[in-house]
Enquirer: 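Just dropping this structure here.
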Amino acid sequence: MRFEPGQLIVHRNVRRGRIGWVRTARVVSDEPRGLLLWIDRGSAVANEVADDGRGMRAMPFAEWTRRSYRLLPGRWSGPPVLKFLPSGAAHSVWWFRDEAGVFANWYVNLEEPGVRWDDGLLAGIDMVDQDLDVVVRPDLSWQWKDEEEFVERLAFPDHYWVRDAEEVRAEGKRVIALAEAGAFPFDGTWCDFVPDPGWHPPAALPDGWDRPPVER
């Protein structure tokens, strides 16, 4: 299944069969090496919150496991972000920008490979965010991110969605090696990307955005 340039899709994070967040995105390109997405400031999104309105990161994970949840629609409030999902890889790479729109850093999101779907009215890609991340600076120095959250959640195997912590770390190390070598995608590719001026951030989530996740 291939997506068309300019197509509006939803990029979704799935946690044990439950949607964790949804982001509307424009397809920049879809080719054998991977899928490139653009999320503009103000794009419609949704995030899972507990029954008291707090997000998962606002409380200990032990408390989160005892709460009920709902998906809260909103808007992408940060600077625009470009996302590259390499075909079959257990990570994606994001290009973050500063408030002036200038490239700031890469963000390696460790995740299970995405599963695509298209129901005829809407298409999307579902993945499982594995929480541990790597920040890569323009000078190719790097650091792990969210290690404490990762370790905290591993202590709850009956509730956590990460199956193999060592494999997650190994994937991070594989991508770190690419970054240290300045290899694609850390070679300057897409750092000066300019979106199509006709792409306007969707103000509302499209119908079907909350359809059940694809079975893995």
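Just so you know, residue 1 is the first one in the sequence shown, and it goes up from there. Everything quoted here is computed from the prediction, not taken from an experiment.
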Enquirer: Find out if a path of hydrophobic residues (ILVMFWY) with successive side-chain heavy-atom gaps under 4.5 Å connects Trp94 to Phe103.
Expert: no
Enquirer: So which of Gln130, Glu112, Glu111 actually passes side-chain contact (heavy atoms from CB on, under 4.5 Å) with Val168?
Expert: Gln130
Enquirer: For the residue pair Gly198 and Asp196, what are the closest heavy atoms and their distance?
Expert: N-OD1, 2.7 Å
Enquirer: Around atom CG of Asp207, are there more than 12 heavy atoms from other residues, nucleotides or ligands closer than 6.0 Å?
Expert: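 For Asp207, atom CG is not crowded (no more than 12 foreign heavy atoms under 6.0 Å).
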Enquirer: Distance to the ring centre below 6.0 angstrom and angle to the axis at most 45 degrees; does that hold for Arg33 and Phe184?
Expert: yes
Enquirer: Would you say the side chain of Val22 lies within less than 4.5 Å of the side chain of Leu205, judging by non-hydrogen atoms?
Expert: yes
Enquirer: Measure centre to centre between the rings of Trp21 and His11, then say whether the value is under 6.0 Å.
Expert: yes
Enquirer: Check the hydrophobic clustering (I, L, V, M, F, W, Y; side-chain heavy atoms under 4.5 Å; chains of links allowed) and say if Val27 and Met1 are grouped together.
Expert: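 Yes, because Val27 and Met1 connect within a single hydrophobic cluster, where side-chain heavy atoms sit under 4.5 Å apart.
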Enquirer: Measure across Ile39 and Ala25 and return the closest heavy-atom pair with its distance rounded to 0.1 Å.
Expert: CG1-CB, 3.8 Å
Enquirer: With heavy-atom distances below 4.5 Å as the criterion, would you say the side chains of His159 and Arg153 are in contact?
Expert: no
Enquirer: Where do Asp40 and Trp76 land on the side chain to side chain contact (heavy atoms under 4.5 Å, CB included) test, with the steps shown first?
Expert: CA-CA 7 Å; Asp40 206 350; Trp76 182 256; over 6 Å; no
Enquirer: Which residue is it: Arg70, Arg15, Arg16? I am looking for the one with a salt bridge (Lys or Arg N to Asp or Glu O under 4.0 Å) to Glu48.
Expert: Arg15
Enquirer: What's the shortest heavy-atom distance between Thr24 and Ala44, and which atoms?
Expert: OG1-O, 2.7 Å
Enquirer: To the nearest 0.5 Å, what is the distance between CD (Glu171) and NZ (Lys173)?
Expert: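 So the gap between those two atoms works out to 12.5 Å.
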Enquirer: Measure from NZ or CZ of Arg163 to the centre of the six-membered ring of Trp161, then state whether that distance is under 6.0 Å and the direction lies within 45° of the axis.
Expert: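 So Arg163 doesn't make the cation-pi contact.
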Enquirer: What's the spacing between Leu82 CG and Leu36 CG if we round to 0.5 Å?
Expert: 4.0 Å
Enquirer: Kindly determine whether Val135 and Trp144 satisfy side chain to side chain contact (heavy atoms under 4.5 Å, CB included), including the steps that lead there.
Expert: CA-CA 6 Å; Val135 175; Trp144 292 104; over 6 Å; no
Enquirer: Spell out, yes or no, whether Tyr69 and Phe156 are grouped together once hydrophobic residues are joined by side-chain heavy atoms under 4.5 Å, including indirect joins.
Expert: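 Looking at the clustering, Phe156 is in the same group as Tyr69.
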Enquirer: In Å and rounded to the nearest 0.5 Å, what is the NE2 to CG distance from His91 to Asp129?
Expert: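 It is 13.5 Å, given to the nearest 0.5 Å.
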Enquirer: Under the criterion ring pair (Phe, Tyr, Trp, His ring centres under 6.0 Å), which of Trp38, Trp190, Phe186 is the partner of Trp95?
Expert: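 The ring pair (Phe, Tyr, Trp, His ring centres under 6.0 Å) with Trp95 is passed solely by Trp190 among Trp38, Trp190, Phe186.
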Enquirer: For Asp30 and Phe3, indicate whether the former's side chain and the latter's backbone hold a donor-acceptor pair under 3.5 Å.
Expert: yes
Enquirer: Any salt bridge linking Glu167 with Arg174? Criterion: basic side-chain nitrogen under 4.0 Å from a carboxylate oxygen.
Expert: yes
Enquirer: Between Arg41 and Pro80, which heavy-atom pair has the shortest distance, and what is it?
Expert: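 Of all heavy-atom pairs spanning Arg41 and Pro80, the closest is N-CG, 4.0 Å.
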Enquirer: Could you please spell out the steps behind the side chain to side chain contact (heavy atoms under 4.5 Å, CB included) verdict for Thr189 and Phe84?
Expert: CA-CA 11 Å; Thr189 300; Phe84 179 60; over 6 Å; no
Enquirer: Keeping the roles fixed (side chain from Gln7, backbone from Arg26), state whether a donor-acceptor pair exists under 3.5 Å.
Expert: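 No.
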Enquirer: Any heavy-atom pair between the side chains of Val134 and Trp106 that's under 4.5 Å?
Expert: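 No; the side chains remain at least 4.5 Å from each other.
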Enquirer: Any side-chain heavy atom of Asn13 sitting closer than 4.5 Å to one from Met127?
Expert: yes
Enquirer: State the CG-CD1 distance between Asp210 and Ile19, to the nearest 0.5 angstrom.
Expert: 6.0 Å
Enquirer: Please give me the minimum heavy-atom distance between Leu132 and Glu147, naming the atom from each residue.
Expert: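 Closest approach of Leu132 to Glu147: CD1-CG, 3.6 Å.
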Enquirer: Tell me whether the NZ or CZ atom of Arg211 lies within the 45° cone about the ring axis of Trp117 and under 6.0 Å from its centre.
Expert: yes
Enquirer: Are Arg116 and Asp126 ion-paired here, with the side-chain N under 4.0 Å from a carboxylate O?
Expert: no
Enquirer: If we only count heavy atoms from C-beta on, is the Trp199 to Pro197 side-chain gap below 4.5 Å?
Expert: no
Enquirer: With side chain to side chain contact (heavy atoms under 4.5 Å, CB included) as the test, would you mind laying out the steps for Asp146 and Arg57 before giving the verdict?
Expert: CA-CA 10 Å; Asp146 298 332; Arg57 302 183 72 175; 3.0 Å; yes
Enquirer: Going by heavy atoms in the side chains, are Leu85 and Ile125 under 4.5 Å from each other?
Expert: yes
Enquirer: Is the CD atom of Glu148 crowded by more than 12 outside heavy atoms at less than 6.0 Å?
Expert: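 Counting neighbours around CD of Glu148, 12 or fewer heavy atoms of other residues, nucleotides or ligands fall under 6.0 Å, so no.
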Enquirer: May I ask whether Val81 and Leu37 are part of the same hydrophobic cluster, defined by side-chain heavy atoms of I, L, V, M, F, W, Y residues being less than 4.5 angstrom apart, directly or through others?
Expert: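 No, it is not one cluster - the side chains of Val81 and Leu37 are not joined through contacts under 4.5 Å.
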Enquirer: Rounded to the nearest 0.5 Å, what separates atom CG in Leu178 from atom CG in Leu140?
Expert: 11.0 Å
Enquirer: Phe96 vs Tyr107 aromatic rings, parallel, tilted or perpendicular, using cut-offs 30° and 60°?
Expert: perpendicular
Enquirer: Ser92 and Pro86: which non-hydrogen atoms are nearest, and at how many Å?
Expert: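 Minimum heavy-atom contact is CA-CD, 4.1 Å.
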Enquirer: When you compare the side chain of Asn47 with that of Leu71, does any pair of heavy atoms fall below 4.5 Å?
Expert: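 Not in contact.
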Enquirer: Is there side-chain contact between Pro206 and Val10, with heavy atoms separated by less than 4.5 Å?
Expert: yes
Enquirer: Using 4.0 Å as the upper bound for N to carboxylate O, is an ion pair formed by Glu63 and Arg54?
Expert: yes
Enquirer: Are Val128 and Val108 in one and the same hydrophobic cluster, where Ile, Leu, Val, Met, Phe, Trp and Tyr link if side-chain heavy atoms are under 4.5 Å apart?
Expert: yes
Enquirer: Mind checking the CD1-CZ spacing from Ile176 to Arg169? Nearest 0.5 Å is all I need.
Expert: 10.5 Å
